[in-house]
Amino acid sequence: MSDAQSDWSLPDDRGAVRDALVSWYEADHRSFPWRETDDPYEILVSEVMSQQTQLGRVVEAWAAFLDRWPTPADLAAADRADVVGFWTDHSLGYNNRAKYLHEAAGQVVDEYDGEFPTTPEGLQDLMGVGPYTANAVASFAFDNGDAVVDTNVKRVLHRAFDVPDDDAAFEAAAGALMPAGESRVWNNAIMELGGVACEKSPNCDAAGCPWREWCHAYETGDFTAPDVPTQPSFEGSRRQMRGRVISALKEYEELPLSKLGPRVRVDYVPGVSDGSADENGDSDAEYGREWLRGLIADLEDDGLVEAVESDGETLARLRR
DNA sequence: ATCCCGATTG
DNA sequence: CAATCGGGAT
């Protein structure tokens, strides 16, 4: 057992803390279209998109996605290539998530008779749905979730109540704070607080933070936030190259590696084995056919791309 | 450069 | 537990 709980405590007047936040949220908050629905499918689409993209950019993609695939049955019946293509068209990144969403729709249709599970535990059985998304969907669709713990909530709890940067502590604090049976408004409210008031750079007075009178950070002036792992640079990364493969294969139905290579890297060297030492013993990386095959192999393992042999050459295309 | 309502796989 | 997964906006 961790002794993390011994370091912090929530205010005695927990009810006042709750009421203050809910009142603040209900008085005024950002308007997003997915806050106007309780359809679990529509909620799930919004959550998966929101994991990776600023909310403002999700609005258009969300509406377009649901216009094209209005129900889980519609999505399940679609070709994966089209779903991944949509993801790329709308610059949503993380193509695996398009695959997960497609898979989850198939699960709902095939294993759940078209009806979403209504509990966090049940929802986690869906592909691509982890603890965060399960609680979000359970909350916003069914008002039946537990406290959501994401990076926003962690930041708020750490600052306001000095909860230590420890997953178990965050989990316990978030659960203890949420009013039972009010997950929809509560999770919306606490994430709204993290989104507009308790941002990385805090905005307490301008946003009229409802927790100032209890806030440890507001009192001490120490607005340190839990560390969020910094991502490696994207430029030149393998992720960027994967994205270029998907984009090229969306544009052209299928491409031989010789045509695909130059579209992925301008310094692609056709017909050269990569990475191995040359005659002089130099080991400068060369990006040739073997390198590209490795990239394609990973995308095949991810179920996003398939490679076929035709007339002695390898063709790549999006997996259907 | 850093941020953005995480999840899966090894 | 660590590594991996995109790309636009600021």
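Note on naming: letters A, B, ... go to the chains in the order of the sequence lines (proteins, then strands), and numbering restarts at 1 for each one. Excluded from the calculations below are hydrogen atoms, water molecules and symmetry mates; all remaining heavy atoms, backbone and side chain alike, are included. Here the structure is a predicted model, which is why all the values come from computation and not from measurement.
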What is the distance from [atom1] of [X] to [atom2] of [N], rounded to the nearest Å?
| X | N | atom1 | atom2 | result |
| --- | --- | --- | --- | --- |
| M241(A) | dC5(C) | CE | C1' | 14 Å |
| Q51(A) | dC5(C) | CD | P | 17 Å |
| D298(A) | dT4(C) | CG | C1' | 10 Å |
| Y132(A) | dG6(B) | OH | P | 6 Å |
| H102(A) | dT8(B) | NE2 | C1' | 19 Å |

Does [X] reach a base, just sugar-phosphate, or nothing at all? Heavy atoms under 4.0 Å.
| X | answer |
| --- | --- |
| T53(A) | base |
| R242(A) | sugar-phosphate |
| R30(A) | nothing |
| N187(A) | nothing |
| G93(A) | base |
| P232(A) | nothing |
| Q52(A) | base |
| L55(A) | base |
| V129(A) | sugar-phosphate |
| T133(A) | sugar-phosphate |

In terms of side-chain heavy atoms of [X], which of [options] is nearest?
| X | options | value |
| --- | --- | --- |
| Q54(A) | dG6(B), dC5(B), dC3(B) | dC3(B) |
| Q231(A) | dC5(B), dT8(B), dG7(C) | dG7(C) |
| N96(A) | dC5(C), dG8(C), dC4(B) | dC5(C) |

(Q) Taking the ring centre of each residue, are W69(A) and F86(A) less than 6.0 Å apart? (A) yes
Q: Check whether any side-chain N or O of T151(A) sits under 4.0 Å from OP1 or OP2 of dG6(B), and answer yes or no.
A: yes
Q.
Closer than 4.0 angstrom, basic N to acidic O: yes or no for E103(A) and R80(A)?
A.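 Result for this pair is yes, salt bridge flagged.
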Q) Is there a donor-acceptor contact under 3.5 Å linking the side chains of E42(A) and T37(A)? A) yes
Q | Test item: side-chain donor near acceptor, E47(A) and Y132(A), under 3.5 Å | A |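 Distance-only check passes for E47(A) and Y132(A).
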Q: Kindly say whether G194(A) contributes a backbone atom to a donor-acceptor pair with the side chain of R155(A) at under 3.5 angstrom?
A: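 Yes.
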